[in-house]
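Worksheet for the structure shown next.
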2 protein chains.
Amino acid sequence: MPAAKTALGRIAPLAEEDTLSLGERAYRRLRECIVQGVLPAGRKVSERSLATQLGISAQPVREALRRLEQDGMVVTLPRRGTVVAEMGPAQLAELGRIRAALEGVAAALAAERMDAAGLSRLAAILARMKSGTEAADHDALDEANEEFHALIHRATGNLFLIRSLGSLRAYDNLGRHRAIGSQPRDLPKALREHRAIVAALRRRDPALAEARMRGHILRSLVTNGVLPPPPRRRPAR
Amino acid sequence: MPAAKTALGRIAPLAEEDTLSLGERAYRRLRECIVQGVLPAGRKVSERSLATQLGISAQPVREALRRLEQDGMVVTLPRRGTVVAEMGPAQLAELGRIRAALEGVAAALAAERMDAAGLSRLAAILARMKSGTEAADHDALDEANEEFHALIHRATGNLFLIRSLGSLRAYDNLGRHRAIGSQPRDLPKALREHRAIVAALRRRDPALAEARMRGHILRSLVTNGVLPPPPRRRPAR
DNA sequence: CATGGACAACTGCCATAGCAGTTGGCAGCG
DNA sequence: CGCTGCCAACTGCTATGGCAGTTGTCCATG
């Protein structure tokens, strides 16, 4: 333990952010820049130029780019350059469907594992969502929504799931930033869906939780305009 | 074009292995070693020692380890060491369920996109599976099975899906190497399922293809012993 | 004017060296 | 004997330098 002891032996909490490696920080920073549109698709991103801009060496940047490549956010042509990956509407739609499926699995796992503390936290988030819905506070709702899903992801305890959904949610933000909000958001409906999901988790019903979560994600993707139609359920029989 | 030209201008097929970067080769090699059991869970893997063993520098090895960490195959404690991730039966089961969901999405996408050439290739693979099943040639069946799923993955054209399923399939191999084959494999049934999947793809029915593929994967995981029960569908009503 | 070739300015890729934090063991003190 | 403190041998992490391949420009040549 290198430092941070106070007089009476209490250990001061360490500032975590400083402990992250430069490679990790570069990875998160660049991913943020991509989904925020700061680095638009097709933009050339070379190790050296990014390194100087970030004030670090080229090595951590290279690592970050390799990881981003594994996420599919950049593509690199050997000895020629690295560019931000093009993300057409079709690609976004595919990733949305993948995310819906994974969120479903996460909900199913969470239904089996989530403890009482987690459920009560979800209840607290639901309360915030209620007030946010009544006030039509989109920022607060987005934040609560973020926590809602992140909590479920963590409840699964599965690192693969957490990482994958992290990348996928980043793409979701990208889609939102393109501002193709074709349909107005139905806030009360989203609240009802969130409540229904929590109810399924409380019942410890994996199949139900999965179905509801998946439906919820798909619907939200439709209202965001990344998923094309509302294909009529069982159009005619 | 740096090399590999013959006299008459014909481009010699590049040996692919030589063109891959050392980091990429190290990544694949290490992943192979992990799923093959050469590097068992809990084994310490330090950049330097691996580098000397592979005859390369520590830098590409480090990149490979970072990517493996993103795959969840190793965990690294900063400044302390990197170890092969522990993969308990529970973890393996979770990853199996995740893989089943993703394979389902892949089948759905393939049902929308796969062209006639791909379908005919699938038919050829089915023929090989038929003869392999009659001869009970497990090696040939495994190979055909690998190609079967890889072909569907590629048909989606989605890099994220392809990469993720690649990692997941690696875990699957790991589970198989643990030789907990609880139940004998039902070869004819697997063949029927594969045929049913292809039929759904031919019909261009995404929902059907997804359901069949997912069920197929889940069942195969059960016979492999990584997924626990055959929970009776609709036990009583 | 058009074309081909060489040079300079990139690019990703890799090896080396060294920093800082962690660990394990061993000596020395109580 | 038991505990403390130091030291050497690790570890992951980062910076630097340089290699090889690619590209674009500019000049010389037909």
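Every chain is numbered from 1, with letters handed out A, B, ... down the list of sequences.
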Rounded interatomic separation in angstrom, taking [atom1] from [X] and [atom2] from [N]:
| X | N | atom1 | atom2 | value |
| --- | --- | --- | --- | --- |
| A/Q59 | C/dC14 | CD | C1' | 8 Å |
| B/L22 | D/dA20 | CG | P | 14 Å |
| B/L50 | C/dC14 | CG | P | 16 Å |
| A/K44 | C/dA9 | NZ | P | 16 Å |
| A/Y27 | D/dC13 | OH | P | 16 Å |
| A/E47 | D/dT16 | CD | P | 15 Å |
| A/R48 | C/dA9 | CZ | C1' | 11 Å |
| A/I56 | D/dT16 | CD1 | C1' | 14 Å |

Quiz item: Should A/R67 and A/E24 count as an ion pair when the cut-off is N to O under 4.0 Å?
Solution: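 Between A/E24 and A/R67 there is a salt bridge, with a charged N closer than 4.0 Å to a carboxylate O.
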
Quiz item: Hey, which of these two, B/T76 or A/A58, hits DNA chain D nearer its 5' end, going by closest nucleotide?
Solution: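 Nearest-nucleotide comparison on DNA chain D picks B/T76.
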
Would you tell me if any nitrogen or oxygen in the side chain of [X] comes within less than 4.0 Å of OP1 or OP2 on [N]?
| X | N | value |
| --- | --- | --- |
| A/R62 | C/dC14 | yes |
| A/S57 | D/dT14 | no |
| A/T82 | C/dT11 | no |

Exercise. Would you tell me whether A/N158 and A/H153 have side-chain atoms, one donor and one acceptor, within less than 3.5 Å of each other?
Key: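 There is no such pair (donor and acceptor under 3.5 Å, judged by atom type) between the side chains of A/N158 and A/H153.
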
Quiz item: D/dA15, C/dC14, C/dT11: which one has an atom nearest the side-chain heavy atoms of B/P60?
Solution: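 So the nucleotide nearest the side chain must be C/dC14.
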
Quiz item: When we call it a touch if two heavy atoms are under 4.0 Å apart, what does A/V61 touch: a base, just sugar-phosphate, or nothing?
Solution: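 It contacts nothing in the nucleic acid.
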
Practice problem: Check whether any side-chain N or O of A/R204 sits under 3.5 Å from a backbone N or O of A/M114 as a donor-acceptor pair, and report yes or no. | Solution: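 Yes: the side chain of A/R204 pairs with the backbone of A/M114.
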
Quiz item: Which heavy atom in A/M87 sits nearest to a heavy atom in A/L92, and how many Å separate them?
Solution: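 Nearest heavy atoms, A/M87 then A/L92: SD-CD1, 3.9 Å.
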
Quiz item: For the base of C/dG12, is there a side-chain donor-acceptor partner from A/R79 under 3.5 Å away?
Solution: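 Such a pair is found, so the answer is yes.
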
Quiz item: What about B/R80: does its side chain form a donor-acceptor pair under 3.5 Å with the base of C/dG24?
Solution: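 Not at all, since no donor on one side and acceptor on the other fall under 3.5 Å apart.
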
Exercise. May I ask you to check whether over 12 heavy atoms, not counting those of A/R169, lie within 6.0 Å of atom CZ?
Key: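 Yes - once you tally the heavy atoms of other residues, nucleotides and ligands closer than 6.0 Å, there are more than 12.
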
